[in-house]
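Both backbone and side-chain heavy atoms feed into the values below; hydrogens, waters and symmetry mates do not. We count ligands from 1, going down the list as the structure has it; atoms in each ligand are counted the same way.
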Amino acid sequence: MSAQSPRFRPILDQFAPYKPGKTPSAPGGRSFKLSSNESPFGPLPSVLKVIADAACNVNRYPDNGAAELTEAIAGHFRVPPSHVAVGCGSVGVTQQLLEAVGEPGAEVVYAWRSFEAYPYLSDLAGVTSVRVPLRDEAHDLAAMARAITGRTRLVFVCNPNNPTGTVVRRAELEEFLGQVPGDCLVALDEAYAEYVRDPGVPDGLDLYRDWPNLAVLRTFSKAYGLAGLRVGFLVGHEPVAAAVRKTMLTFTVNALAQAAAVASLEAEPELLERVDAVVSERNRVCDELRSQGWAVPPTEANFVWLRLGDDTADFAAACDRAGVSVRPYDGEGARVSIGEREANDAFLAVAKAYPRRG
Ligand SMILES: *Cc1c(COP(=O)(O)O)cnc(C)c1O
């Protein structure tokens, strides 16, 4: 037997091993998951029926071109089908994008802290990350423009930003886009677009028409409530969508996901009512937190951000004891999803009782 171990890419040593999500349970067995920005509502009966019907054919491969879903997305959002590319969640599409630009020496610019998938997928694709610190919990687009070099192939703008919930508005985004070289792609990650109520925030699906190097990422995981099925998509000009289709893992969007996504577009009015309910809960939670004395950055997403600094882990433990799981970022803060009223009340009770220092 050889003493040598198989050799892997050194970058893998930097990845923390996967931590299974724990479900805390409080005395009385109550538990609320406010850690993953999911929809608190179960699937609509109409969507569930389509999933069940599609399950009868799982001996067959899915449509690798996702033709029906692509047509449905194109029709729904009034864009050409050639501008649409799908993937295994928008995380999958993000990976496809990075694979499409990734070559030795390529750089990707994004705000930090932002979506956790950006650094991880960039590392995997062999692309060098350039992180630009948030300013007042929001993207610092001027600094991001300055961070772009001749090696930059991709810039992520997460709008609203995960985990802070802050937004960039139309004028600043357009000014930024005007500074980005045409051969550098900007990916506008709009995973939470449906929750935005600030009229100053542009709809990427309008904006991209004027910018050949702008692509929009959307997902069925949040407002559409299909996180467990994994489907997301990109809208961008033809060369961008074509490149992202080429890097898709074959058959990665499964048949149930494709059928459910089509059905969800048809059921959009019903789903958007649920989004309205979450938005009004978001407003209630923010008002209540502020009246408790917390500084809460303005959020346009289905979560709130508390900058707790060194108290972060302690605060998350207090939430755990009350059966509420939140998403702590050690030493920085906690992201708390907006759930059903009872869950939000359980979280607000912890926040109210928590001794705030400093
Ligand atoms: C949740 C989220 C996504 C969506 O991920 P899926 O892979 O579609 O489930 C994408 N971007 C951001 C910023 C998110 O928070």
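For ligand 1, the atoms lying closer than 4.0 Å to a non-hydrogen atom of Ala191 are 2 (C), 3 (C), 10 (C), 11 (N), 12 (C), 14 (C). Residue contact check: Cys158 has heavy atoms under 4.0 Å from atoms 13 (C) of ligand 1. Each of the following atoms of ligand 1 lies closer than 4.0 Å to a heavy atom of Gly89: 6 (P), 7 (O), 8 (O). Remark: ligand 1 atoms within the under-4.0 Å shell around heavy atoms of Asn162 are 13 (C), 14 (C), 15 (O).
Comparing heavy-atom distances from atom 10 (C) of ligand 1 across Ser36, Gly232, Ser90 singles out Ser90 as nearest. Of the listed residues (Asp189, Val91, Thr94), the one carrying the non-hydrogen atom nearest atom 12 (C) of ligand 1 is Asp189.
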Check step by step if side-chain contact (heavy atoms from CB on, under 4.5 Å) holds for Thr166 and Asp136.
CA-CA 9 Å; Thr166 53; Asp136 296 333; over 6 Å; no
For the pair Phe347 and Phe32, evaluate ring pair (Phe, Tyr, Trp, His ring centres under 6.0 Å) and give the outcome as yes or no after the intermediate values.
CA-CA 9 Å; Phe347 161 65; Phe32 302 106; over 10 Å; no
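In Phe220, neither the side chain nor the backbone holds a heavy atom less than 4.0 Å from any atom of ligand 1.
Judged purely by atom type and a 3.5 angstrom limit, Arg282 uses its side chain to pair as donor or acceptor with the backbone of Ala301. Between the side chain of Gln258 and the backbone N or O of Val253, at least one donor-acceptor pair lies under 3.5 Å. Of the possible polar contacts, none joining the Arg151 side chain to the Ile148 backbone as a donor-acceptor pair under 3.5 Å is found.
Of all protein heavy atoms, the one lying nearest to atom 7 (O) of ligand 1 is Arg230 NH2, 2.6 Å. Protein heavy atom closest to atom 15 (O) of ligand 1, with residue, atom name and distance, is Tyr192 OH, 2.6 Å. Of the protein's heavy atoms, Ser221 OG, 2.6 Å lies nearest to atom 9 (O) of ligand 1. Closest protein heavy atom to atom 1 (C) of ligand 1: Lys222 NZ, 1.2 Å.
Contact annotation: Ala227 has no heavy atom less than 4.0 Å from any atom of ligand 1.
The distance between the ring centers of His139 and Phe176 does not fall below 6.0 angstrom.
Remark: Asp198 does not engage Arg170 in a salt bridge, criterion side-chain N to carboxylate O under 4.0 Å.
The aromatic rings of Phe233 and Phe220 lie tilted to each other, with the angle between the two planes from 30° to 60°.
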